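Following: one structure in structure tokens, then a few remarks.
As the structure lists them, so they are numbered: ligands from 1, and atoms in each ligand from 1. All values derive from a computational prediction rather than experimental measurement. Residue numbers run from 1 in the order of the sequence given.
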Amino acid sequence: MLILGIESSCDDTAAAVVEDGHRVLSSVVSSQDDIHSRFGGIVPELASRRHVESIIPVVDGALKTASVTIDDIDGIAVSRGPGLVGSILVGLSFAKAVSFVKAVPFTGVNHIESHPLAAFLHEEDSHEPPRFPFVSLVVSGGHTTLLLMESHTSYRILGQTLDDAAGEAFDKVAKLLGLGYPGGAAIDRLARTGDPASVQFTRPYLAKGNLDFSFSGIKTAVLTHVRGLDGALDGKTAGDVAASFQEAVVDVLVDKALWALEATGSTDLVVAGGVACNSRLRARLSEAAKKEAVRLFIPPPRFCSDNGAMVAALGYHQIKKGMTGDLDMNAMPTWEGF
Ligand code: KG4
Ligand code: ZN
């Protein structure tokens, strides 16, 4: 069964063709960083306009790369939230139109719930998927969420960010250090030049065993620290600040993921979302997984950040279970629980 997955909930226009919920035939992503970077953040109106321009070429690209035509597609999956309403509506309207014209089913998926499904995607023949129930840490620009995935299509929220998402904290600290937007990858690179023990930023654990997150305090602590340097922020000091900030965030993410495994008795951990591209987080998780006998699944970076393949993977299971949508389906910019 071939599913066309469409993702436009934030600032990337993405489409993918995925077979049976796991084999990726194509995945095309058109980034909008060029238009938002000069504003230091996403401008919703510009994002939706760019989605309108990109959606047809991106879907065309995904079909061509997969060597199929729209007539070969058996179903369409689209992110219907959470995210920016104008952006979501572009993908959702497009999916409905194609579904209506081609008389194929379509389904609307929860963007956050689709991130862990990236662990089932593969391009080669052999692939070891995670076993249900598993814990998933979704760390992105808008969300830091711990989920217990009970099946492909059902989950329980174990913990959530109470304020800033981890990616948002990375982006704000990057801005403070003059690294541009989005700055997560730039912090990752700069941190390799610094000493992670040079500044002891307080780790926001909330309480032992608490699975919620709070990253706004650490962002303010970095701001206060940089102001205290009184203009003496050279390359070396910036590297130390980046490495120390990153280490504090990574400590909390790794520890809370392990607490979630302990609390649920699960042995499998899936980590996804843009921040899961972070090299220090990946290294620390691998170390912890070896020590604690955890089966760790971190998809390759192209499937960690926003993409259409994860949407197609979740959509496949929803369509198989009859969870299809009607033409009056609306966007869900806010989604209960997230
Ligand atoms: O999942 P994603 O592509 O989009 C959202 O749904 O938000 O995540 C984007 C976030 C941004 O905040 C970006 O700075 C962060 O992921 N990010 C990183 C890295 N690469 C991307 N954060 C830390 N280290 C990285 N290497
Ligand atoms: Zn995302």
Side-chain angles (χ1 to χ4, degrees), residues 5-14 16 27 29-33 36-37 40-42 44 47 51 78-84 87-88 91 109-119 136-145 147 161 164-177 179-192 194 196 213 215-216 218-219 222 242-243 245-250 252-254 270-285 298-311 313-314 333 335 338:
I6 295 172
E7 161 58 44
S8 72
S9 64
C10 194
D11 62 337
D12 289 319
T13 320
S27 179
V29 181
S30 169
S31 158
Q32 299 185 357
D33 286 351
H36 301 295
S37 56
I42 297 165
H51 283 306
V78 59
S79 275
R80 69 179 290 212
L84 302 170
S87 292
I88 299 166
V109 313
N110 177 324
H111 173 90
I112 306 300
E113 185 190 356
S114 73
H115 266 296
L117 277 273
S136 182
L137 172 67
V138 180
V139 259
S140 70
H143 292 268
T144 306
T145 309
L147 298 173
T161 183
D164 288 2
E168 200 177 339
F170 268 93
D171 291 336
K172 285 178 178 166
V173 168
K175 198 167 170 183
L176 201 89
L177 297 176
L179 300 175
Y181 174 88
I187 294 263
D188 191 349
R189 277 192 301 274
L190 180 61
R192 285 177 211 152
F213 299 92
F215 291 113
S216 78
I218 192 164
K219 168 201 70 191
V222 176
F245 156 75
Q246 178 176 272
E247 203 65 13
V249 173
V250 166
V252 174
L253 293 175
V254 172
V270 170
V271 185
V275 181
C277 298
N278 184 271
S279 60
R280 186 68 184 146
L281 177 63
R282 293 172 90 93
R284 289 279 310 279
L285 283 165
I298 316 183
R302 65 185 179 287
F303 295 139
C304 278
S305 48
D306 288 352
N307 65 86
M310 65 187 193
V311 174
L314 176 54
W335 198 297
F338 289 95

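Taking the side chain as every heavy atom from C-beta outward, Pro182 and Asp33 approach each other to under 4.5 Å. In this structure, Glu7 and Asn307 have side chains that are not in contact, with every pair of non-hydrogen atoms separated by 4.5 Å or more. Two residues are said to be in side-chain contact when any heavy atoms from C-beta on lie closer than 4.5 Å; Phe170 and Val249 meet this criterion. Side-chain contact check for Glu168 versus Phe215: every heavy-atom pair is 4.5 Å or farther apart. Counting heavy atoms from C-beta on, the side chains of Arg192 and Arg280 never come closer than 4.5 Å. Between His111 and Ser140, the closest side-chain pair of non-hydrogen atoms is not below 4.5 Å. Looking at heavy atoms from C-beta onward, Ile218 lies out of side-chain contact with Asp164 at the 4.5 angstrom threshold. The shortest distance between side-chain heavy atoms of Val139 and Val271 falls below 4.5 Å.
Ligand 1 places these atoms under 4.0 Å from at least one heavy atom of Gly167: 12 (O). For ligand 1 and His115, the ligand atoms under 4.0 Å from any heavy atom of the residue are 1 (O). Of all atoms in ligand 1, listed by their number and element, those nearer than 4.0 Å to a heavy atom of Gly141 are 5 (C), 7 (O), 8 (O), 9 (C), 10 (C), 12 (O). Taking every non-hydrogen atom of His111 and a distance limit under 4.0 Å, the qualifying atoms of ligand 1 come out as 6 (O). Taking a cut-off of under 4.0 Å to the non-hydrogen atoms of Gly142, the atoms of ligand 1 that pass are 7 (O). Numbered from 1 in the order shown, with element, the atoms of ligand 1 that lie under 4.0 Å from a heavy atom of Ser305 read 3 (O).
By the side chain to side chain contact (heavy atoms under 4.5 Å, CB included) test, Val222 is found to be paired with Val173, Leu176, Phe201, Val226, Val241, Phe245, residues two or more places apart in sequence or in another chain being considered. Ile42 meets the side chain to side chain contact (heavy atoms under 4.5 Å, CB included) test with Cys10, Asp11, His36, Ala47, Leu84, Tyr181; sequence neighbours excluded. With sequence neighbours left out, the side chain to side chain contact (heavy atoms under 4.5 Å, CB included) criterion links Arg282 to Ile298, Pro301, Cys304.
The heavy atom nearest to atom 5 (C) of ligand 1, out of those in Val275, Val250, Asp306, is found in Asp306. The option from Gly273, Gly184, Ser140, Ala276 that lies nearest to atom 18 (C) of ligand 1, judged by heavy atoms, is Gly184.
Checking side-chain atoms of Ser8 against main-chain N and O of Ser87 turns up a donor-acceptor pair under 3.5 Å.
Backbone and side-chain nitrogen or oxygen atoms of Ser279 are examined, and none is located within less than 3.5 angstrom of a nitrogen or oxygen of ligand 1. At under 3.5 Å, not a single nitrogen or oxygen of Phe170, backbone or side chain, sits near a nitrogen or oxygen of ligand 1.
Between the side chains of Ser30 and Gln32, no donor-acceptor pair is found at a separation under 3.5 Å.
Closest protein heavy atom to atom 24 (N) of ligand 1: Asn278 ND2, 3.0 Å. In this structure, the protein non-hydrogen atom closest to atom 1 (O) of ligand 1 is Gly274 N, 2.9 Å. With respect to atom 14 (O) of ligand 1, the closest heavy atom belonging to the protein is Asp171 OD1, 2.6 Å.
Under 4.0 angstrom from ligand 1, the non-hydrogen atoms of Asp188 all belong to its side chain.
The count of protein N, O or S atoms under 2.8 Å from the Zn ion (ligand 2) stands at 3, with waters excluded from the count.
Put simply, no part of Cys10 is less than 4.0 Å from ligand 1, judged by heavy atoms.
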